[in-house]
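What's counted below: heavy atoms across the whole structure, side chains too, no hydrogens, waters or symmetry copies. Within every chain, numbering begins at 1; the chains are lettered A, B, ... in the order of the sequence lines, protein sequences first and strands thereafter.
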Amino acid sequence: MPGHRIVVVGASLAGVHAAEELRAAGYDGDVVLLGAEEGLPYDRPPLSKKFLAGPAAEETLLRSPEQFAELGIELVAGHRAIGLDTVRQRIALAEGEAVEYDGLVIATGSRARRPRFLDGLGGVHTLRTLQDARSLRAAFTGSPRVAVLGGGFIGAEVAATARGLGLDVTLVEALETPLAASLGPTIGGVLAAAHNDRGVQVACGVPLDRVEGDGRVERLVLADGTRIDADLLVVGVGAEPVTDWLRTSGLALRDGVLCDSYCATAVPRIMAAGDVARWQHPRLGEVRAEHHANAVEQGAAAARNLLASPAERQPYAPVGYVWSDQYEHRLQIIGTCRPSDELVIVHGSLEARAFVACYLRDGQISGAVGLDARRQLMRMRPLIDAGADREALLAAVGPAPAAANG
Amino acid sequence: MTGRVLVTGADGSRTELAVRSGARLMPSLKAAELGVLGLCGGNAACGTCHVYVDAPWHDRLPAPDADEADMLDDLDSRRIDSRLACQLRFTEQLDGLGLTVAPHL
């Protein structure tokens with residue numbers, strides 16, 4: 001076991017779970033959980049839904065101060081790591097201090113991407129932190145016309161929540177539907193229709209040309225000349241891993257911290273987990289995941305492997321699970337889905353907006369998406385585990401599945 | 001403080017787990033590979049940590065919140081004693097708690 005003190009840098013979901021797992025696995029040295037944001041660690045999924053919708057809703061804390069105390073986890077909040085010296089085993093903090101470690105888990109997560117051309121323009125929001133959510137929630141109270149740029153999970157959820165508050169909402173996405181980049185246009189089209197029915201203007205398939213406004217956002221202009229008037233712009237164009245503090249550390253960085261299949265970097269006793277980690281998935285190759293369930297599981301896996309002897313280490317090979325709530329709909333994904341996969345609808349129908357769609361890659365099921373079909377979706381899980389082929393899939397789900405295109 | 005939870009697995013096996021006060025039950029059940037998947041990481045969003053709580057204990061638990069109640073309503077194998085293990089926090093008063101992992105499918 002690594003020495004007297006393990007430091008976990010990043011006090012969000014992956015970091016909290018790493019720190020907790022160190023204790024669960026019997027580590028009795030110091031555990032320091034270092035977070036850049038002030039306050040107690042909180043859960044992010046409600047920030048685009050419940051928290052954003054309710055003017056008085058409180059944040060969902062991950063753990064209470066008593067729970068951290070009971071576990072002997074020292075939470076150091078409001079201190080940003082700005083550098084790492086792997087030889088002297090020290091983390092430099094923005095305040096000029098340094099923290100020494102014997103073992104390290106890097107869990108600094110990701111930050112919302114904010115295009116440069118929006119610099120200096122008022123009324124532009126991203127959504128990642130509690131602070132972001134508070135600020136967006138306050139901005140919603142003035143009945144603004146809202147434009148959401150980016151039809152990914154965050155964009156689609158913010159659009160749904162804003163519309164639920166009665167706001168005038170336009171969802172702008174360069175691809176032909178929302179969620180097309182992750183699930184393909186067929187499933188994305190179902191989501192687009194759901195938004196449209198609720199009164200969201202869905203402007204998909206045409207890229208943004210520019211944002212106009214005198215000091216503040218006033219309108220978006222698309223490449224085909226379409227003008228969308230807006231008082232507020234929410235930008236949901238993806239996230240980037242927070243690795244700038246590691247630039248001179250010597251750790252291998254490429255859109256994340258590069259790790260082996262055990263979540264270990266090339267430097268002994270330094271692991272990475274959560275959004276910031278790009279690891280070798282035993283079945284899928286190099287993966288970086290920006291999802292809740294992965295942060296939980298990878299945080300714990302990295303902690304266990306940090307404590308384990310080389311022979312005891314376990315490769316980290318999750319199946320993957322994602323969910324998204326939009327209006328009354330719950331979308332759930334297990335395994336991996338790509339737009340280029342072949343789609344097979346095995347339950348319900350796209351028209352009914354209740355279905356399970358399986359994604360086949362090289363003839364084998366690699367993932368599945370369910371819309372308001374939790375039970376039926378979970379039945380796909382053993383088939384995904386087993387990498388079932390089409391025949392086995394169809395045998396398992398029973399007669400008369402319909403094929404769908406793309 | 002660490003206490004005991006007596007678990008009947010999905011396969012009928014019986015296991016005694018040590019659980020720390022304040023901890024949610026799902027991670028321990030998942031780690032023990034007793035048929036609990038806990039896919040969503042503890043958000044009452046997937047229903048894969050569904051358990052039946054033994055009769056003397058069931059009434060001593062705090063009632064499910066709205067998210068948990070919604071998810072329970074959606075489960076095929078729902079019973080009056082159903083709970084999601086990810087929403088159950090272990091306390092000293094629950095030492096000796098008995099539960100059974102519910103079938104998933």
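- Around atom CZ of Arg14(B), no more than 12 heavy atoms belonging to other residues, nucleotides or ligands sit under 6.0 Å away.
- Interface residue Ser21(B): backbone and side-chain heavy atoms are both found under 4.5 Å from chain A.
- At a 4.5 Å heavy-atom cutoff, Ala300(A) makes no contact with chain B through either its backbone or its side chain.
- Judged by distance alone, with hydrogens and angles left aside, the side-chain atoms of Arg375(A) form a donor-acceptor pair with the main-chain N or O of Asp74(B) at under 3.5 Å.
- Remark: side-chain polar atoms of Arg330(A) are paired, donor with acceptor, to backbone N or O of Ala45(B) under 3.5 angstrom.
- For Leu71(A), the part sitting under 4.5 Å from any heavy atom of chain B is the side chain, from C-beta outward, and nothing else.
- Between atom CZ of residue Arg20(B) and atom CZ of residue Arg23(A) there is a gap of 8.5 Å, rounded to the nearest 0.5 Å.
- Using a 4.5 Å cut-off between heavy atoms, Ile334(A) contacts chain B through its side chain alone, with no backbone atom that close.
- Within 6.0 Å of NZ on Lys50(A) lie no more than 12 heavy atoms contributed by other residues, nucleotides or ligands.
- Counted within 6.0 Å of CD on Glu328(A), heavy atoms from surrounding residues, nucleotides or ligands total more than 12; the atom is thus considered enclosed.
- Looking at heavy atoms from C-beta onward, Asp43(A) lies in side-chain contact with Asn43(B) at the 4.5 angstrom threshold.
- Both the backbone and the side chain of Leu75(B) come within less than 4.5 Å of a heavy atom of chain A.
- Heavy-atom pairs under 4.5 Å with chain B peak, among Pro45(A), Ala24(A), Ala293(A), at Ala293(A).
- Between Trp323(A) and Cys40(B) the shortest heavy-atom distance is CZ3-O, 3.7 Å.
- For the side-chain contact (heavy atoms from CB on, under 4.5 Å) test, residues two or more places apart in sequence or in another chain that qualify with Val322(A) are Phe153(A), His291(A), Ile333(A).
- Using a 4.5 Å cut-off between heavy atoms, Asp70(B) does not touch chain A at all.
- With a 4.5 angstrom heavy-atom cutoff, Asn294(A) does not touch chain B via any of its atoms.
- Contact check on Arg24(B) versus Glu20(A) returns no salt bridge, with no Lys/Arg side-chain nitrogen under 4.0 Å from an Asp/Glu carboxylate oxygen.
- For chain A, the nearby part of Arg89(B) is the side chain; its heavy atoms alone come within less than 4.5 Å.
- Residues Arg374(A) and Met71(B) share a closest heavy-atom pair of CD-SD, 3.2 Å.
- Contact of the Met378(A) side chain with the Leu39(B) side chain is registered, since non-hydrogen atoms from C-beta on lie closer than 4.5 Å.
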For Asp76(B) and Arg379(A), what are the C-alpha separation, side-chain angles and deciding distance, and is it a salt bridge (charged side-chain N to carboxylate O under 4.0 Å, His left out)? CA-CA 12 Å; Asp76(B) 270 340; Arg379(A) 297 195 175 106; 3.1 Å; yes

